[in-house]
Every structure is written in C-alpha cells, then in structure tokens.
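All remarks here apply to the structure that follows.
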Amino acid sequence: MYKLIDGKKLAADMRAQLKADVAEFKKEIGLAVVLAGDNPASQVYVKNKIKACEEVGIKSYAYYLPAEATQGELDELLKGLADNSDIHGILVQLPLPAHLNSERALKLIPVEKDVDGFSADNIGKLCMNEECLVACTPHGIMKMLESEKIQIKGKNAVVVGRSNIVGKPVALLLLNADATVTVCHSKTQNLKECCLNADILVAAVGKAKFITADMVKEGAVVVDVGMNRDENGKLCGDVDFENVKEKCSYITPVPGGVGPMTITMLMYNTYLAAVRSLN
C-alpha cells in the first residue's frame, strides 16, 4: 500500500514555523523580485511569491522592467539591490526577454543573496558539500523525503532529467546524503533498466506521464517534479500516477506534491540568508 507525500501540508507547516521565526528576527527581512517583460506565467509566479512573503512576514520589493529594457538597466538595478542592506534575497524571474543575458544578470547577485540557488558559486558549493543556498525545488524534495523519514543513505537513486534548476542539484543533494546516484536524460539508452534499479526515482523530464508502471520497481519512492497537461487539458506530472502508485511505497501527487514546496523553500532561503547576514 502506497503513501502519498503531501507537499501541501508540509509547506503549510513550514510556513507557519517560518512566520514565527521571521517575527522573532532582529530586523525586517527583505526579498527583491525582478521581472522583465510581460510573460504571463512569470507574472503569476511573481504574484505568488509576493503573496507568500506577506504570509510569512517577509517584506517584498517588486521591480518591473518593460520588455524593451536594456541589459544596462537590468545590471544597474541588480547592482543597487546587491548593495542594499535591507534586501537579504534577490531573485530574477526567468526566462528573461531574449535580448537580455540571464547568465550575466545572475552573476551580479551576491552569492549570499542568491535565494534561488542558481548561481555558479552556490552550485559549486553544493558540489563540494559546503554550506550554501540550495535551489528551491531540489531542496523541497529533500525536505519531503526527510519529513517521511525515508532512508537515503546507501539507496539507489535515479534522477530522470539533468536541468540546472532541478536535475543536477537534486542529484548532488542525494549524493551528499550518501545515495548512489544515476542521472538519466534524453540520450540515455537503457532508461527503463536504470529506472527499475531505483529505490528513489525522481522524475524531472517535463513530459506528461512519461514514467510508466513498467519502469518502476516494487516498493520504490517516486518523486514527481513534472507540471504538464494531459490530453484532456488536466494538470498532471511526469509520472503515470494512476498506474504507478500501486507499485510504490511513497509517491508525490501532482498537484499538491513538489509544487507547493518550491515557493516555501524560497521563503526559507530568504530567512536563512537574513540569519547568515548577521554573522
């Protein structure tokens, strides 16, 4: 019998604790969100992040640049935020308009304010298993496994997907937690055999119901990072949930699994950045 890992409940519990921690903090905690252009999905994400700040008591600073903003204007804004001691976290909502260089923009965010955990410095620290700000979705996945006391040490973990935002950092986190990690991707030739070896299977490939029941080992822990639409337009993950769930010991649903944890971990990282700024 499988058990659902309820990301919605865990996120709510974490936000309640964060709200108490933020209220006790010595000064107001600030998060700056930068949005360039008018991408509708990005606007929704920014709105949700501002709402989460309100919920836990973090002050949000939203900066909106027009689609035609220059690289120079973006750079100047980020340099100003980097120097502002009231701002503990900075995030640039990606993707940026095509003419803006996101790599250059991210380099202007100080490593200690990089609450998205996307900078080369933070990824490098993660690689070396040093203290750092960890990308929000992978960090949320680890918190979910931790909440259910799922043993990671010595287990075979398979990550399907190698993006810089999820696949690579979650592979590093699992490796740092003493799992034996395999990373699979679009060029992997024996994907089914790799997945069948997984005690912990993380699906982060961006294809609806891509992971089918014949790819999952009995008793595996399955974490679904996907956010897709099926043939009927219904929200679904990368895992064929209905057919896979009966083979699992634990599985995350979509919606209500990994998704709610991502913005919660952003709030957690911002609080962490503020705490570390005092030292």
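When a residue number appears, it is its place in the shown sequence, counting from 1.
Residue Val222 comes nearest to Cys248 through the heavy atom pair CG2-SG, 3.5 Å, listed as atom of the first residue, atom of the second, then distance.
Between Lys207 and Asp238 there is no salt bridge, since no side-chain N of the basic residue sits under 4.0 Å from a carboxylate O of the acidic one.
Between Ile150 and Tyr250, some side-chain heavy-atom pair lies under the 4.5 Å cut-off. Annotation: side chain of Cys136 is not in contact with side chain of Ile263 (no heavy-atom distance under 4.5 Å). Contact annotation: the side chain of Arg276 approaches that of Leu133 to within less than 4.5 Å [non-hydrogen atoms, C-beta and beyond]. Using a 4.5 Å heavy-atom cutoff, the side chains of Gln17 and Asp21 are in contact. A heavy-atom distance below 4.5 Å is not found between the side chains of Thr252 and Leu4. Looking only at side-chain heavy atoms (C-beta outward), Pro169 and Ser163 stay at 4.5 Å or farther from each other. Counting heavy atoms from C-beta on, the side chains of Ile200 and Asn156 never come closer than 4.5 Å. Within the 4.5 Å cutoff, side-chain heavy atoms of Leu65 are placed close to those of Leu77.
For the 3.5 Å distance criterion, the side chains of Ser119 and Asp121 fail to qualify, holding no donor opposite an acceptor. Residues Gln71 and Asp75 have side chains that bring a donor and an acceptor to within less than 3.5 angstrom of each other.
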Could you check Lys3 against Glu148 for salt bridge (charged side-chain N to carboxylate O under 4.0 Å, His left out), going step by step and ending with a plain yes or no?
CA-CA 10 Å; Lys3 182 179 179 186; Glu148 296 293 345; 2.9 Å; yes
Step-by-step side-chain contact (heavy atoms from CB on, under 4.5 Å) determination, Val92 to Leu78:
CA-CA 9 Å; Val92 176; Leu78 291 172; 3.8 Å; yes
Give the intermediate values and the outcome of salt bridge (charged side-chain N to carboxylate O under 4.0 Å, His left out) for residues Lys79 and Asp83.
CA-CA 6 Å; Lys79 285 173 186 171; Asp83 292 337; over 6 Å; no
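One distance of note links CD of Glu242 with CG of Asp240; it measures 8.0 Å at 0.5 Å rounding.
Ile165 and Val44 fall into different hydrophobic clusters, where Ile, Leu, Val, Met, Phe, Trp and Tyr residues are linked whenever their side-chain heavy atoms come under 4.5 Å apart, directly or through other members. Both Tyr2 and Leu201 belong to a single network of hydrophobic side chains, linked directly or stepwise wherever heavy atoms of I, L, V, M, F, W or Y lie under 4.5 Å apart.
Ring centroid separation for the pair His88 and Tyr271 does not come in under the 6.0 Å cut-off.
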